[in-house]
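Following: one structure in structure tokens, then a few remarks.
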Amino acid sequence: MKTRFLGIPELTGTPPVAVVVDVMRAYTVAAWAFARGAEKIVLAESLDEALALKARHPDWMALKDGPPAPGFDAVNSPGLLRSADLGGRTVVQKTTAGTVGALAVKEASLVLCAGFVVAEATARLLRERGGDSVTFVVTGEDGRADEDLACAQYIARRATEEETDASGFLHRAGASRAARELAEGVRQGVHPDDIALCLELDRFPFAMVAASEDSLMVLRPHTGGR
């Protein structure tokens with residue numbers, strides 16, 4: 001399997017298969033949303049679009065990066081979301097990097113969104129459907145975020161090797177700039193458990209597949225089959 005690791009600004013053309021990685025925190029939050037019962041997640045292009053979707057669908061739940069804001073129901077924090085009851089609901093998510101990365105590769109034939117919490121399920125789906133070439137979109141810091149790159153490299157390794165020690169990859173993520181900013185309160189809308197939750201390897205048994213539905217980019221959990 002040929003792999004590339006690119007930041008969002010480096011993307012050119014449409015890759016056949018893309019894995020969009022945002023460990024801290026978009027796709028850890030998305031996984032938790034599915035674990036709490038969400039049916040689907042709509043990846044919004046802007047805050048205005050997220051609010052417009054919420055206005056048209058008052059029963060949907062809208063979340064964003066940063067502090068709480070009018071019109072939004074939640075912030076992009078796994079620690080704050082893990083106790084929510086999302087049974088059967090649709091979540092609208094807009095984040096600084098994760099959702100942007102997925103929308104940048106929306107024309108790919110297969111788009112997976114991932115963090116450490118769904119690493120093994122993502123690697124398994126790549127083994128089944130990834131083909132010969134996979135582009136990993138390292139969303140944070142224009143492709144330089146070490147937590148995202150470490151997770152992407154780990155998933156790439158697991159997709160081709162039976163035995164892979166995750167400890168070094170997790171250590172890199174835990175020592176990353178993003179983890180430091182979360183710990184030091186640089187970022188807003190943070191729960192004290194967010195870093196630990198983002199570093200829970202294989203917490204969930206599903207991968208997350210994004211695809212176009214009625215002109216929207218929609219993320220759904222994938223547990224097996226086609």
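Computation of the quantities below employed the complete heavy-atom set of this structure, encompassing side-chain atoms and omitting hydrogens, waters and symmetry-equivalent molecules.
Residue pairs that meet the ring-ring contact (aromatic ring centres under 6.0 Å, His included) test with at least one member in residues 105-149, sequence neighbours left out, are Phe5-Phe136. Within the structure, every pair that satisfies the salt bridge (Lys or Arg N to Asp or Glu O under 4.0 Å) test and touches residues 169-180, not counting sequence neighbours, is listed here: Glu141-Arg177, Asp146-Arg172, Arg177-Glu181. Residue pairs that meet the salt bridge (Lys or Arg N to Asp or Glu O under 4.0 Å) test with at least one member in residues 5-33, sequence neighbours left out, are Arg25-Asp194. Residue pairs that meet the salt bridge (Lys or Arg N to Asp or Glu O under 4.0 Å) test with at least one member in residues 156-168, sequence neighbours left out, are Glu120-Arg158. Judged as a ring-ring contact (aromatic ring centres under 6.0 Å, His included), the pairs with a partner in residues 7-49 (not counting sequence neighbours) are, in order, Trp32-Phe204. Evaluation of the side-chain hydrogen bond (donor to acceptor under 3.5 Å, both in side chains) test over residues 34-47, restricted to residues two or more places apart or in two chains, returns none.
Partners of Asp73 under the salt bridge (Lys or Arg N to Asp or Glu O under 4.0 Å) rule, at least two apart in sequence or in another chain, are Lys54. Every residue was checked against the side chain to side chain donor-acceptor pair (under 3.5 Å) condition with Thr3, not counting sequence neighbours, and none meets it. Residues passing the salt bridge (Lys or Arg N to Asp or Glu O under 4.0 Å) test with Arg203, sequence neighbours excluded: Glu200. Thr160 is linked by a side-chain contact (heavy atoms from CB on, under 4.5 Å) to Met1, counting only residues two or more places apart in sequence or in another chain. Taking Asp193 as the reference, Arg82 meet the salt bridge (Lys or Arg N to Asp or Glu O under 4.0 Å) condition, with sequence neighbours excluded.
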Only distances under 3.5 Å count here; give the side-chain donor-acceptor pairs of residues 96-113 to other protein atoms, sequence neighbours excluded, each with its distance to 0.1 Å.
residue : atom : partner : partner atom : Å
Thr96   : OG1  : Asp65   : OD2          : 2.7
Thr99   : OG1  : Thr95   : N            : 3.0
Thr99   : OG1  : Thr95   : O            : 3.1
Ser109  : OG   : Pro16   : O            : 2.5

